[in-house]
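To start, the structure under review is shown below, and the notes come after it.
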Amino acid sequence: MTRSLDTLVVTINNKQDMQIACEQHWYRIPIESVEKYLKANWSPQWLAFYQTRVFENAAFAIHAYAKVLKIETVDRAALFPDEPNNPKSQNRYYKLHLSPLEALPQPIVNSTKRRFTFIPTTLTRLKSAIEIRDLYD
């Protein structure tokens, strides 16, 4: 039986990206990364945010998720118009427009602290998981 992997867990390793997701309701993923790692599981209906060590007390866990409302392709200069022109300015991204973030009833912890970039999963698994390993098939 094949299940639809409708949810994508992404790694947030800086506070600015989390602030953008929370306040402006969008997140970016390089098109190159999607083609390399996610082609078989693209396009997500839900996005969940795994926070790394920079988030201190909230680190090594998923605390929130959001519905993906729209996906568009843009270059970095469109995402960050105030950023000085540089070699990254022309990099292409998927801009995922999001609903307001929703808190999970309990954080999903990464007790092993093993690194990952993306975890394709299901919304059902996300809502019932206790540890990161519960998100995998």
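- Closest approach of Ala59 and Thr52 over heavy atoms only: CB-O, 3.3 Å.
- For Thr122 against Thr7, the heavy-atom pair with the smallest separation is C-OG1, 3.4 Å.
- Sparse packing is recorded around CD of Glu32, with 12 or fewer heavy atoms of other residues, nucleotides or ligands lying under 6.0 Å away.
- Remark: Tyr37 OH is loosely packed, at most 12 non-hydrogen atoms of other residues, nucleotides or ligands lying under 6.0 Å away.
- The backbone N or O of Thr124 lies less than 3.5 Å from a partner atom in the side chain of Ser128, making a donor-acceptor pair.
- In this structure, Leu8 is a member of the same hydrophobic cluster as Ile71, with clusters built from ILVMFWY side-chain heavy atoms closer than 4.5 Å.
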- Task: Check the pair Thr121 / Tyr136 against side-chain contact (heavy atoms from CB on, under 4.5 Å), numbers first and verdict last.
- Result: CA-CA 7 Å; Thr121 191; Tyr136 292 96; over 6 Å; no
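- Counting only heavy atoms from C-beta outward, the side chains of His63 and Tyr50 never approach each other to under 4.5 Å.
- Closest approach of Phe116 and Thr11 over heavy atoms only: O-OG1, 2.8 Å.
- The two residues Leu101 and Ala21 make their nearest non-hydrogen contact at CD1-O, 3.3 Å.
- Linking ILVMFWY residues whenever their side-chain heavy atoms come closer than 4.5 Å, directly or via other members, leaves Val109 and Ile12 in distinct clusters.
- The shortest distance between side-chain heavy atoms of Val9 and Phe49 does not fall below 4.5 Å.
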- Message: Between Val10 and Ile29, is the side-chain contact (heavy atoms from CB on, under 4.5 Å) condition met? List the steps.
- Response: CA-CA 9 Å; Val10 297; Ile29 299 176; 4.1 Å; yes
- Item | Stepwise side-chain contact (heavy atoms from CB on, under 4.5 Å) check, Thr112 with Ile132 | CA-CA 9 Å; Thr112 66; Ile132 292 291; over 6 Å; no
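- Rounding to the nearest 0.5 angstrom, the gap separating the CD atom in Gln51 from the CG atom in Asn110 is 12.5 Å.
- In terms of hydrophobic clustering, with Ile, Leu, Val, Met, Phe, Trp and Tyr side chains grouped at heavy-atom distances under 4.5 Å, Phe55 and Ile20 are assigned to different clusters.
- Phe118 places a side-chain heavy atom less than 4.5 Å from the side chain of Leu38.
- Contact annotation: the side chain of Val68 never approaches that of Ser99 to less than 4.5 Å [non-hydrogen atoms, C-beta and beyond].
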Name the atoms and distances for all side-chain donor-acceptor pairs under 3.5 Å in residues 85-98, with sequence neighbours left out.
residue, atom, partner, partner atom, Å
Asn85, OD1, Ser89, OG, 3.1
Asn86, OD1, Lys88, N, 2.7
Asn86, OD1, Ser89, N, 3.4
Asn86, ND2, Pro84, O, 2.9
Ser89, OG, Asn86, N, 2.9
Ser89, OG, Asn86, O, 3.1
Arg92, NH2, Thr73, OG1, 3.3
Tyr93, OH, Arg76, NH1, 3.1
His97, NE2, Glu72, OE2, 2.5

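- At least one side-chain heavy atom of Ile62 sits less than 4.5 Å from a side-chain heavy atom of Leu104.
- With sequence neighbours excluded, no residue forms a ring pair (Phe, Tyr, Trp, His ring centres under 6.0 Å) with Phe60.
- Contact detail for Val54 and Lys15: the closest heavy-atom pair is O-CE, 3.0 Å.
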- Full working for side-chain hydrogen bond (donor to acceptor under 3.5 Å, both in side chains) between Tyr27 and Asp17: CA-CA 7 Å; Tyr27 183 75; Asp17 285 345; 5.4 Å; no
- Query: Between Leu47 and Tyr65, is a side-chain contact (heavy atoms from CB on, under 4.5 Å) present by the stated rule, with each step listed?
  - Reply: CA-CA 5 Å; Leu47 215 58; Tyr65 67 104; over 6 Å; no
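- For the pair Asp6 (side chain) and Trp46 (backbone), a donor-acceptor distance under 3.5 Å is absent.
- Here the shortest heavy-atom pairing between Leu126 and Leu135 reads CA-CD2, 3.7 Å.
- A heavy-atom distance below 4.5 Å is found between the side chains of His25 and Pro100.
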